[in-house]
Structures are given as C-alpha cells and as structure tokens.
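Just so it is clear, the values below take in all heavy atoms, side chains as well, and ignore hydrogens, waters and symmetry mates.
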Amino acid sequence: YPLGILALQGDFAKHADTLSRLGVSYRFVRTASDIEDIAGLIIPGGESSTIGKMLVSTGLLDVVCDKTRKGLPIFGTCAGMIVLARELDQTEQPRLGLMDITVRRNAYGRQIDSFEADIETKIPGIPTLRGVFIRAPKIVNKDPEVETLATFEGDPVLVRQGHLLAASFHPELTTETGVHRFFYENVIYHSP
C-alpha cells in the first residue's frame, strides 16, 4: 500500500520528494476516500489552524481519528505535530488530539527566527540529524509512554508513541531521508 500525505495545505510536496528518493510510493490525501488502503499518513508542516479547519470541513478529522485508533500510523512534522497533540498550551484549534503530548505553537520564534541546527537522536545508525525549525512547536509536557527519539537543547523534538511519530522540525527540507525511513521501516512495518 502507498503512504498517504495529507495535501490540504502546507509543504506536502517536499514529503513526496523525500519518499520518492526512498523509492516509497505515496498518494496525496485530500478527501475521505483517499485514505482508504494507505500504509500510513504524513501530516506536513504548514499552518496548523488551517489544516485543522480543513480536516473538519473535508470530513477527514473523524475518519483519520477512527482509522488511527484502529492502527493507522501517522507522522506529523511541525504543524503536523500540533495537529497530533492531545493538548495545546495557550491556544485552542481543531486537531486530531491523538498523541499524549502538550505543545506550544511557535515556541522557537516567528518566521524571522527560523534556524537550522544539528540534533542528537536515538535512532539506530543516525546519531545526529540536521533540523530545520520554522515557527516550530515545542513539547512542553508528555506522558511517560511517549518516547523521545531526538532532542535539541535538552527538549524533545522527535517523539514516538506506538504508531504515532511527531517532529518539531522539518526533516523533509533537508537531503536526509533518515526520519522518513524510520517511519516507514520501524513505525509502519516494525522492522528490526
């Protein structure tokens, strides 16, 4: 089955480029019927409140929640992390609310404060990654069962909870494919 990439708003094309480099087939998801028979779903960066509203208006919010509760893996980057978060700090908006994390929007600064940095990871074979932070969210609280896979300045920036993966940064904006490969091989297919 192909991977789904939520293509309502945001940088979904960059995720498609990364999957193409990995040789992974994908399908853009814009309607409830697009989510049938996909192996997992990527929720890209963009404007989280817009993505949330469009999930509601397209009817995808309930469909994605239902499928995810039945085991559909999801990988959210930046705005995708916000959409996945159970709780938001200092704001409210429509979201899936599936991952046991509390997130603060734009916690690393506004657009003008965007930056790149090396981040340390616990992903086997990938000790560091280049992280692109653009109006990035910060995890301010997480349940104990949410595993930290990468940190920046001591804060978790890549986390996993079962079949859910979320990143504060944009792995699709670098030439590296390690995070996407990890999602495909370890989160979706649980390879060793």
Side-chain angles (χ1 to χ4, degrees), residues 4-19 28-30 41-58 60-61 64 74-121 123 126 128-142 146-161 164-180 182-183:
I5 304 172
L6 189 68
L8 300 176
Q9 193 267 340
D11 65 347
F12 51 86
K14 294 291 188 182
H15 284 282
D17 292 345
T18 303
L19 294 180
F28 289 129
V29 172
R30 294 184 174 98
L41 180 66
I42 294 174
I43 302 176
E47 176 47 56
S48 62
S49 55
T50 301
I51 293 171
K53 287 174 188 166
M54 292 181 81
L55 281 168
V56 172
S57 68
T58 58
L60 272 166
L61 187 83
V64 172
I74 296 185
F75 174 28
T77 62
C78 198
M81 172 187 272
I82 296 166
V83 170
L84 273 176
R86 172 103 45 217
E87 300 288 333
L88 298 182
D89 184 44
Q90 304 174 340
T91 184
E92 269 309 311
Q93 64 188 57
R95 63 189 180 283
L96 298 170
L98 296 165
M99 194 175 218
D100 294 319
I101 56 176
T102 303
V103 168
R104 182 176 301 144
R105 293 178 57 191
N106 304 323
Y108 290 96
R110 306 303 278 170
Q111 192 88 18
I112 196 166
D113 303 312
S114 301
F115 64 95
E116 289 187 34
D118 288 326
I119 54 178
E120 300 173 14
T121 90
I123 299 173
I126 308 174
T128 60
L129 282 170
R130 193 72 178 157
V132 178
F133 292 80
I134 302 170
R135 294 175 58 208
K138 182 181 279 192
I139 297 171
V140 294
N141 193 23
K142 66 181 189 66
V146 178
E147 178 186 9
T148 298
L149 296 175
T151 57
F152 173 69
E153 295 182 342
D155 291 317
V157 292
L158 179 65
V159 293
R160 177 182 184 177
Q161 183 177 12
L164 304 176
L165 185 69
S168 295
F169 57 98
H170 290 269
E172 75 284 2
L173 296 182
T174 70
T175 58
E176 299 170 357
T177 57
V179 179
H180 289 77
F182 178 80
F183 177 61

Provide the closest heavy-atom pair for [X] versus [Y] in the form atom of the first, atom of the second, distance.
| X | Y | answer |
| --- | --- | --- |
| Ile119 | Ala150 | CD1-CB, 4.4 Å |
| Arg95 | Val83 | CB-O, 3.3 Å |
| Cys78 | Gly45 | CB-CA, 4.2 Å |
| His180 | Pro171 | CE1-CG, 4.0 Å |
| Phe169 | Val157 | CE2-O, 3.5 Å |
| Ala167 | Met81 | C-CE, 3.5 Å |

Donor-acceptor pair between Ser49 and Glu47 side chains, under 3.5 angstrom: yes
Under 3.5 Å, side chain of [X] to main-chain N/O of [Y], donor-acceptor pair present?
| X | Y | answer |
| --- | --- | --- |
| Arg86 | Thr102 | no |
| Arg105 | Val103 | no |
| Ser168 | Pro137 | yes |
| Arg160 | Ala166 | no |
| Gln9 | Gly46 | no |

Heavy-atom side-chain proximity of Ile5 to Leu19 below 4.5 angstrom: yes
Side-chain heavy-atom pair Ile126, Val179 within 4.5 angstrom cut-off: no
Whether Phe12 and Phe28 hold their rings parallel, tilted or perpendicular, with breakpoints at 30° and 60°: perpendicular
Parallel, tilted or perpendicular, as decided by the 30° and 60° cut-offs, for the rings of His15 and Phe75: perpendicular
CA sep, side-chain torsions, deciding dist, call: Val146, Ile139, side chain to side chain contact (heavy atoms under 4.5 Å, CB included): CA-CA 11 Å; Val146 178; Ile139 297 171; over 6 Å; no
To the closest 0.5 Å, what do you measure between [atom1] ([X]) and [atom2] ([Y])?
| X | Y | atom1 | atom2 | result |
| --- | --- | --- | --- | --- |
| Leu60 | Leu6 | CG | CG | 6.5 Å |
| Leu84 | Ile101 | CG | CD1 | 7.0 Å |
| Lys14 | Thr77 | NZ | OG1 | 13.0 Å |
| Leu158 | Glu147 | CG | CD | 9.0 Å |
| Ile51 | Leu96 | CD1 | CG | 10.0 Å |
| Leu164 | Leu41 | CG | CG | 10.5 Å |

Step-by-step ring-ring contact (aromatic ring centres under 6.0 Å, His included) determination, Phe152 to Phe115: CA-CA 12 Å; Phe152 173 69; Phe115 64 95; 5.5 Å; yes
Thr58 and Leu8: CA distance, side-chain angles, deciding distance, side chain to side chain contact (heavy atoms under 4.5 Å, CB included) verdict: CA-CA 9 Å; Thr58 58; Leu8 300 176; 4.1 Å; yes
Salt bridge present between Glu87 and Lys142 (N-O < 4.0 angstrom): no
Carboxylate-amine/guanidinium proximity below 4.0 Å for Glu176 and Arg130: no
Stepwise side chain to side chain contact (heavy atoms under 4.5 Å, CB included) test for Ile82 and Leu88: CA-CA 7 Å; Ile82 296 166; Leu88 298 182; 3.7 Å; yes
